[in-house]
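Okay, structure first, notes after.
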Amino acid sequence: MICVTGVSKHFRNETAIDYKDIAFDDGKTYMLLGASGCGKSTLLNMIAGILSPESGVIEINGENMTTKSQKQKDKFRIEKIGYIFQDFKLIPEMTVMDNINILRLEGVDTSSADEILERLNILDKKNKKVKHLSGGERQRVAIARAIVKKPEIILADEPTGNLNFAIGEEVIKALVEISKGKTLIAVTHDERLSKYFDYVIDMNEMTGGRRDV
Ligand SMILES: Nc1ncnc2c1ncn2[C@@H]1O[C@H](COP(=O)(O)OP(=O)(O)OP(=O)(O)O)[C@@H](O)[C@H]1O
Ligand SMILES: [Mg+2]
């Protein structure tokens, strides 16, 4: 379970976001909705241990993420969290397979890559350079790379951001399908996709509001 309790985040004394308390149950899928700038990516970054809150506690399976050192947080993220970033963070000049095999540098066993690419319907693209793929295909590669390390938790920041609805819907269906049994937290602006998730969380209601300080 992921528990967000009493969390607030300040950026260089310009913006402060106060989050209401949220708990994410193991093995469930959550869709996060909310206006641009309400703090969705910031929440995912705090759960992943990339950012730290100024106050409050983020607990994952009883472990307090907030008191860990950055090195411990990085280790936890590498081992337990699959993060699909808003901008993919793929290397365009490298092939699909090389973008996945790069995880070996972090000690990840990538032997399940073919099976995962197959499930995402892009196995035939495995030796293509990412720069030659379509937006939906790139998104699937980013999903495959996050899943290949068999994380307990999958964080996806606008996985359908640049895709048209039909392709975005296919990507979400594939993401939810491949996340079965894991905790999935996905940010998306499109309410039509809510039917694929166990829960929808409206972040406009979950942040006590952004205030300029
Ligand atoms: N590194 C930063 N420095 C200063 N302010 C930041 C930083 N990152 C985020 N913010 C501010 O914090 C607020 C929340 O940002 P965040 O990226 O979490 O929003 P979001 O809900 O993901 O928005 P979007 O839907 O546009 O991606 C915004 O007002 C943003 O300007
Ligand atoms: Mg964002």
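Nothing fancy with the numbering, it's 1 onward along the sequence. In each ligand, atom 1 is the first atom listed, and ligand 1 is the first ligand listed.
- For the salt bridge (charged side-chain N to carboxylate O under 4.0 Å, His left out) test, residues two or more places apart in sequence or in another chain that qualify with D87 are K89.
- Counting the atoms of ligand 1 from 1 in the order shown, those under 4.0 Å from a heavy atom of R12 are 3 (N).
- At a threshold of 4.5 Å between side-chain heavy atoms, the hydrophobic network of Ile, Leu, Val, Met, Phe, Trp and Tyr places L44 and V57 in two separate groups.
- There is no side-chain donor-acceptor pair under 3.5 Å between D190 and T188.
- Residue contacts with ligand 1 include G37, since one of its heavy atoms falls under 4.0 Å from the ligand.
- Within the 4.0 Å heavy-atom criterion, neither part of M203 lies near ligand 1.
- When non-hydrogen atoms are compared, ligand 1 lies under 4.0 Å from neither the backbone nor the side chain of K9.
- Counting only residues at least two apart or in different chains, side-chain hydrogen bond (donor to acceptor under 3.5 Å, both in side chains) contacts with residues 114-125 comprise D114-K126.
- In this structure, the salt bridge (charged side-chain N to carboxylate O under 4.0 Å, His left out) partners of D74, at least two apart in sequence or on a different chain, are R77.
- Judged purely by distance below 3.5 Å, without hydrogens or angles, the side chains of D157 and Y83 never pair a donor atom with an acceptor atom.
- Of the possible donor and acceptor atoms, none in the side chain of K28 sits under 3.5 Å from a partner among the backbone N and O of F197.
- Checked by distance only, ligand 1 and I17 stay at 3.5 Å or farther apart across all their nitrogen or oxygen atoms.
- The local environment of NZ in K182 is crowded, with over 12 non-hydrogen atoms from other residues, nucleotides or ligands closer than 6.0 Å.
- Near T42, meaning under 4.0 Å from one of its heavy atoms, ligand 1 places the atoms 14 (C), 15 (O), 16 (P), 18 (O).
- An N or O contact shorter than 3.5 Å is missing between T15 and ligand 1 by distance.
- Around atom 21 (O) of ligand 1, the closest heavy atom drawn from K40, M46, H189 belongs to K40.
- Within ligand 1, the atoms closer than 4.0 Å to a non-hydrogen atom of S41 are 17 (O), 18 (O), 20 (P), 22 (O), 27 (O), numbered from 1 in the order shown.
- When hydrophobic clusters are built by joining Ile, Leu, Val, Met, Phe, Trp and Tyr residues whose side-chain heavy atoms come closer than 4.5 Å, directly or via intermediates, M94 is not grouped with I84.
- Annotation: protein N, O or S atoms under 2.8 Å of the Mg ion (ligand 2) (waters excluded) comprise S41 OG.
- Between E170 and K173, at least one side-chain nitrogen of the basic residue sits less than 4.0 Å from a carboxylate oxygen of the acidic one, meeting the salt-bridge criterion.
- A donor atom on one side chain and an acceptor atom on the other are found under 3.5 Å apart for D198 and T29.
- Among the atoms of G39, some N or O lies under 3.5 angstrom from an N or O of ligand 1.
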